[in-house]
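Positions are given from 1 along the sequence.
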Amino acid sequence: MAELLASFLSNLNYWTIFVLMTIESSFIPLPSEVVVPPAAYLAAQGNLDGFGVILSSVSGSLVGALINYALAYWLGRPIMYAFANSKVGKMLLLSEEKLKRAEVYFDRRGAISTFVGRLIPGIRQLISLPAGLARMNLIPFILYTILGAGLWCCVLFWLGWWAAGLPGIDTTEKLVSLVEHYSHIIGLSILALVVAYICYKLLKRIMQKPENTK
């Protein structure tokens, strides 16, 4: 696998970018920072077209997300319901009713969850699974996956293009290391904003409860 990845990275083109981003967006761990920024570096040197890099990156991200969605849709749901109805599931306070409520919640909030999830480290590759489990409508799933993945790929492309003009960035390893540093800062900042928003909504709901009970 390592040799195959090295071969792909040493021969980056629109097809290999698409394949690698498909892998990155599926359940196989592969950071997008090792794919898009090096491609942006090549685009900055005139060896690739920037629009082609982003298009192939987003297309690969969508296909990988659809793979996860399909797996959760067709295989994950029966397994999860079987587990919830098992003795172990009941010991963990799971139930079929709770799973159904979770599916209803994701169906209502699935769009924003899918979009924001594509921007958060460690969640990008997994956000398609609850969408599949909840059987989220496919068209909104595709739309918000494209929007989220597109925004993230544009961020990585810009970082790669920017790093290409810095002195001392003359190898893929240096480029990826620099991009990973800044992309993690961006991703964690987005996560912090999401957590802050959730805390705000929870606090607001708690403060309103006494008023509703009078």
Side-chain angles (χ1 to χ4, degrees), residues 1-72 114-129 131-132 138-139 141-166 168-188 190:
M1 184 63 185
E3 292 179 1
L4 181 62
L5 176 60
S7 176
F8 270 65
L9 289 175
S10 62
N11 297 281
L12 273 181
N13 53 49
Y14 305 120
W15 169 246
T16 54
I17 293 169
F18 171 82
V19 171
L20 289 172
M21 289 303 290
T22 299
I23 294 172
E24 182 272 341
S25 193
S26 68
F27 52 88
I28 302 174
L30 174 67
S32 52
E33 288 86 350
V34 305
V35 182
V36 180
Y41 185 89
L42 293 176
Q45 295 177 331
N47 296 321
L48 289 174
D49 177 69
F51 178 76
V53 170
I54 293 175
L55 180 61
S56 55
S57 300
V58 176
S59 299
S61 296
L62 176 60
V63 171
L66 286 171
I67 291 173
N68 275 3
Y69 177 92
L71 288 173
T114 300
F115 172 73
V116 174
R118 300 296 310 186
L119 306 174
I120 300 175
I123 298 179
R124 283 193 293 272
Q125 295 88 344
L126 302 177
I127 194 62
S128 306
L129 295 175
L138 189 59
I139 293 177
F141 173 76
I142 291 174
L143 174 62
Y144 284 96
T145 296
I146 289 174
L147 290 174
L151 179 57
W152 184 248
C153 287
C154 286
V155 169
L156 290 181
F157 183 87
W158 178 83
L159 286 173
W161 186 284
W162 166 73
L166 295 178
I169 305 299
D170 51 4
T171 65
T172 301
E173 289 76 14
K174 292 180 181 179
L175 175 69
V176 170
S177 177
L178 181 67
V179 169
E180 281 185 337
H181 173 72
Y182 286 103
S183 66
H184 285 167
I185 291 175
I186 294 172
L188 292 174
I190 294 171

With sequence neighbours left out, what residues match Tyr69 under ring pair (Phe, Tyr, Trp, His ring centres under 6.0 Å)?
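Expected list: Tyr73, Phe141.
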Any residue meeting ring pair (Phe, Tyr, Trp, His ring centres under 6.0 Å) with Phe157, in chain and number order, not counting sequence neighbours
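Expected list: Trp161.
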The criterion is side chain to side chain contact (heavy atoms under 4.5 Å, CB included); which residues satisfy it with Ile142, sequence neighbours excluded?
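Partners of Ile142 by the side chain to side chain contact (heavy atoms under 4.5 Å, CB included) criterion, ordered by chain and then number, come out as Leu62, Leu66, Leu138, Ile146.
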Can you check whether Leu151 reaches Leu147 side chain to side chain, under 4.5 Å on heavy atoms?
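Not touching, per the 4.5 Å side-chain cut-off.
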With a 4.5 Å limit on heavy-atom distance, are the side chains of Leu55 and Tyr14 in contact?
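The answer is no; the side chains never approach within 4.5 Å.
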Donor-acceptor pair, distance only, cut-off 3.5 Å: does the side chain of Ser25 make one with the backbone of Thr22?
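No, Ser25 side chain to Thr22 backbone: no donor-acceptor pair under 3.5 Å.
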Minimum heavy-atom separation for [X] and [Y], please, with both atom names.
X	Y	result
Pro37	Leu156	CG-O, 3.9 Å
Leu48	Ala39	CD1-O, 4.0 Å
Val36	Ser57	CG2-OG, 3.7 Å
Thr145	Ala65	CG2-CB, 3.8 Å

To the nearest 0.5 Å, what is the distance between [atom1] ([X]) and [atom2] ([Y])?
X	Y	atom1	atom2	answer
Ser56	Ile17	OG	CD1	4.0 Å
Met21	Ser61	CE	OG	3.5 Å
Trp15	Leu20	CH2	CG	10.5 Å

